[in-house]
S.K.: 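Before I ask anything, let me first share the structure, which is written out below as structure tokens.
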Amino acid sequence: LKNKINSLSNSKSDNFVANSNLSKKVLNLLKKISRTESCVILSGPKGSGKEFLGRKIHLASNRKNKSFTVYNFSNSFNKNAENEIFGNEQDKSQKISGILDDVNGGTLLLKNIEKMNSKIQGKLLRVMEEKKFYRIGAVSPKNIDFRIICSTTLPLSHISKKKILR
């Protein structure tokens, strides 16, 4: 059973399968969301399938043939996160690509966004608004087209009330 679940979760198919009425409602909503370019926030307890659902949204979207990249803020030190996401050009002889270089045209899933620092929040908001970003140390921007899906283990009402995100 575990192998079957893993094969389904890694499947490149955009087919959704559900048995319960609640699961069918969720999957129908995901199909509708997939047809939009809207940013999405998935909230639920650890292990509830947020990454799985994010991947299914991507696979049912027009971006399904492009990259699906996951960045987990729980696994990063916030001082490294900026370099990992935006890349770096401070050393002119060596340009280091970031996740944004790789996700152009695709979907970026940001996991555990409640652990993202405010500086990165601000920079990502600007990227979403302007559709371009600067590597650290760069003098010219790079254009980008991608979709963001975010996930959190915290209830959205708590995030809003405590002003955890901008």
Side-chain angles (χ1 to χ4, degrees), residues 1-76 81-82 84-87 97-117 120-133 142-161 164-166:
L1 180 61
K2 188 175 182 178
N3 289 338
K4 183 66 173 170
I5 291 170
N6 286 336
S7 71
L8 288 172
S9 67
N10 293 325
S11 167
K12 296 283 187 197
S13 168
D14 63 355
N15 293 328
F16 294 104
V17 178
N19 291 323
S20 73
N21 286 334
L22 180 59
S23 294
K24 289 176 184 176
K25 286 180 183 179
V26 169
L27 294 179
N28 282 332
L29 180 59
L30 290 180
K31 286 180 185 178
K32 289 178 185 176
I33 291 169
S34 297
R35 293 189 286 263
T36 73
E37 287 294 315
S38 299
C39 296
V40 177
I41 298 179
L42 302 170
S43 175
K46 183 177 178 180
S48 60
K50 296 176 296 294
E51 183 174 338
F52 173 80
L53 295 176
R55 186 176 305 276
K56 291 303 179 187
I57 290 169
H58 170 74
L59 290 172
S61 75
N62 290 333
R63 297 180 181 274
K64 66 183 170 192
N65 295 321
K66 299 290 184 174
S67 68
F68 178 79
T69 305
V70 178
Y71 188 83
N72 190 341
F73 282 96
S74 286
N75 295 341
S76 72
E82 190 174 3
E84 292 170 350
I85 294 169
F86 295 95
S97 295
I99 288 172
L100 292 180
D101 289 295
D102 300 332
V103 78
N104 199 17
T107 302
L108 175 59
L109 172 64
L110 299 174
K111 293 178 70 169
N112 299 301
I113 56 169
E114 69 275 11
K115 297 183 179 174
M116 181 184 353
N117 71 38
I120 294 174
Q121 286 179 36
K123 289 182 84 170
L124 282 172
L125 281 172
R126 177 163 287 169
V127 171
M128 292 167 57
E129 290 169 356
E130 297 179 1
K131 304 289 187 210
K132 55 185 161 188
F133 73 98
K142 294 187 71 169
N143 293 329
I144 188 165
D145 171 36
F146 71 116
R147 179 185 204 165
I148 289 185
I149 299 175
C150 299
S151 72
T152 179
T153 56
L154 298 178
L156 296 179
S157 59
H158 178 79
I159 288 174
S160 176
K161 185 177 182 180
I164 294 171
L165 297 176
R166 296 172 105 184

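It should be emphasised that the depicted structure is a prediction, and the values quoted were computed from it without experimental measurement. Starting from 1, each residue takes its place in the sequence as its number.
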S.K.: side-chain hydrogen bond (donor to acceptor under 3.5 Å, both in side chains) with Glu129: which residues, sequence neighbours excluded?
M.R.: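 Partners of Glu129 by the side-chain hydrogen bond (donor to acceptor under 3.5 Å, both in side chains) criterion come out as none, since no residue qualifies.
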S.K.: Among all residues two or more places apart in sequence or in another chain, which pass the side-chain hydrogen bond (donor to acceptor under 3.5 Å, both in side chains) test with Lys25?
M.R.: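 Lys25 satisfies side-chain hydrogen bond (donor to acceptor under 3.5 Å, both in side chains) with no other residue.
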S.K.: State, yes or no, whether a side-chain contact exists between Leu59 and Phe68 at a heavy-atom distance under 4.5 Å.
M.R.: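 Sidechains of Phe68 and Leu59: no contact.
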S.K.: For Thr69, enumerate each residue passing the side chain to side chain contact (heavy atoms under 4.5 Å, CB included) test, keeping only those at least two apart in sequence or located in another chain.
M.R.: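 Checked Thr69 against side chain to side chain contact (heavy atoms under 4.5 Å, CB included); matches are Ser67, Ile99, Val103, Leu108.
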S.K.: Rounded to the nearest 0.5 Å, what's the gap from SG on Cys39 to CE on Met128? Could you check?
M.R.: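 Here the interatomic distance stands at 3.5 Å.
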S.K.: Which pair of heavy atoms, one from Val40 and one from Leu42, lies closest together, and at what distance?
M.R.: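 In terms of heavy atoms, the two residues are closest at CG1-CD2, 3.9 Å.
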S.K.: Hey, what do you get for CG (Asn117) to CD (Glu82), rounding to the nearest 0.5 Å?
M.R.: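 That separation rounds to 7.5 Å.
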S.K.: List the residues meeting side chain to side chain contact (heavy atoms under 4.5 Å, CB included) with Asn28, not counting sequence neighbours, and say none if there are none.
M.R.: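 Result, side chain to side chain contact (heavy atoms under 4.5 Å, CB included) vs Asn28: Lys31.
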S.K.: Could you tell me the separation between the CG atom of Leu27 and the CD1 atom of Ile33, rounded to the nearest 0.5 Å?
M.R.: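 Spacing of CG (Leu27) from CD1 (Ile33) equals 11.0 Å.
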S.K.: What pairs with Lys131 under side chain to side chain contact (heavy atoms under 4.5 Å, CB included), at least two apart in sequence or on another chain?
M.R.: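 With sequence neighbours excluded, Lys131 shows a side chain to side chain contact (heavy atoms under 4.5 Å, CB included) to no residue whatsoever.
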S.K.: For residues 34-44, pull every pair meeting salt bridge (charged side-chain N to carboxylate O under 4.0 Å, His left out), keeping only residues two or more places apart or in separate chains.
M.R.: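 Salt bridge (charged side-chain N to carboxylate O under 4.0 Å, His left out) check on residues 34-44 returns Glu37-Arg63.
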S.K.: Using the salt bridge (Lys or Arg N to Asp or Glu O under 4.0 Å) criterion, which residues pair with Arg126? Sequence neighbours excluded.
M.R.: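 So Arg126 forms a salt bridge (Lys or Arg N to Asp or Glu O under 4.0 Å) with Glu130.
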S.K.: side-chain hydrogen bond (donor to acceptor under 3.5 Å, both in side chains) with Ser157: which residues, sequence neighbours excluded?
M.R.: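 side-chain hydrogen bond (donor to acceptor under 3.5 Å, both in side chains) list for Ser157, sorted by chain: empty.
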S.K.: Using modelled atom types and a 3.5 Å cut-off, is there a donor and acceptor pairing between side-chain atoms of Asn104 and backbone atoms of Asp145?
M.R.: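 Yes: the side chain of Asn104 pairs with the backbone of Asp145.
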S.K.: For Phe86 and Phe133, which heavy atoms make the closest approach, and how far apart are they?
M.R.: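 Residues Phe86 and Phe133, closest heavy atoms: O-CE1, 3.6 Å.
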S.K.: Given side chains that start at C-beta, do those of Phe73 and Ile85 come closer than 4.5 Å, heavy atoms only?
M.R.: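 Heavy-atom side-chain distance check passes, below 4.5 Å.
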S.K.: Are Lys111 and Glu51 side-chain neighbours, meaning at least one heavy-atom pair lies under 4.5 Å?
M.R.: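 Side-chain contact under 4.5 Å: yes.
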S.K.: Listed by chain and number, what are the salt bridge (Lys or Arg N to Asp or Glu O under 4.0 Å) partners of Asp102, not counting sequence neighbours?
M.R.: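 So Asp102 forms no salt bridge (Lys or Arg N to Asp or Glu O under 4.0 Å) with any residue.
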S.K.: Enumerate donor-acceptor pairs with a distance under 3.5 Å from any side-chain N or O in residues 148-156 to protein atoms, sequence neighbours excluded.
M.R.:
residue	atom	partner	partner atom	Å
Thr152	OG1	Glu114	OE1	2.6
Thr152	OG1	Leu154	N	3.0
Thr153	OG1	Glu114	OE2	3.3

S.K.: Quick one: list whatever passes side-chain hydrogen bond (donor to acceptor under 3.5 Å, both in side chains) with Lys66, sequence neighbours left out.
M.R.: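 Lys66 satisfies side-chain hydrogen bond (donor to acceptor under 3.5 Å, both in side chains) with no other residue.
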S.K.: Rounded to the nearest 0.5 Å, what separation is found between the NZ atom of Lys115 and the CG atom of Leu110?
M.R.: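 Taking NZ in Lys115 and CG in Leu110, the distance rounds to 14.5 Å.
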S.K.: Mind checking ring pair (Phe, Tyr, Trp, His ring centres under 6.0 Å) for Phe146 and listing every partner two or more places apart, or none if nothing turns up?
M.R.: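 Result, ring pair (Phe, Tyr, Trp, His ring centres under 6.0 Å) vs Phe146: none returned.
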S.K.: So, do Leu124 and Met116 sit near enough that their side-chain heavy atoms are less than 4.5 Å apart?
M.R.: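 They are in side-chain contact.
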S.K.: Taking Ile57's backbone N and O only, do any of them form a donor-acceptor pair with Ser34's side chain (distance below 3.5 Å, no angle check)?
M.R.: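 Indeed, once roles are kept as given, a pair shorter than 3.5 Å links the two residues.
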S.K.: Where the side chain of Lys142 meets the backbone of Asp101, is there a donor-acceptor pair that is under 3.5 Å apart?
M.R.: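 Pair absent, no side-chain N/O of Lys142 close to backbone of Asp101.
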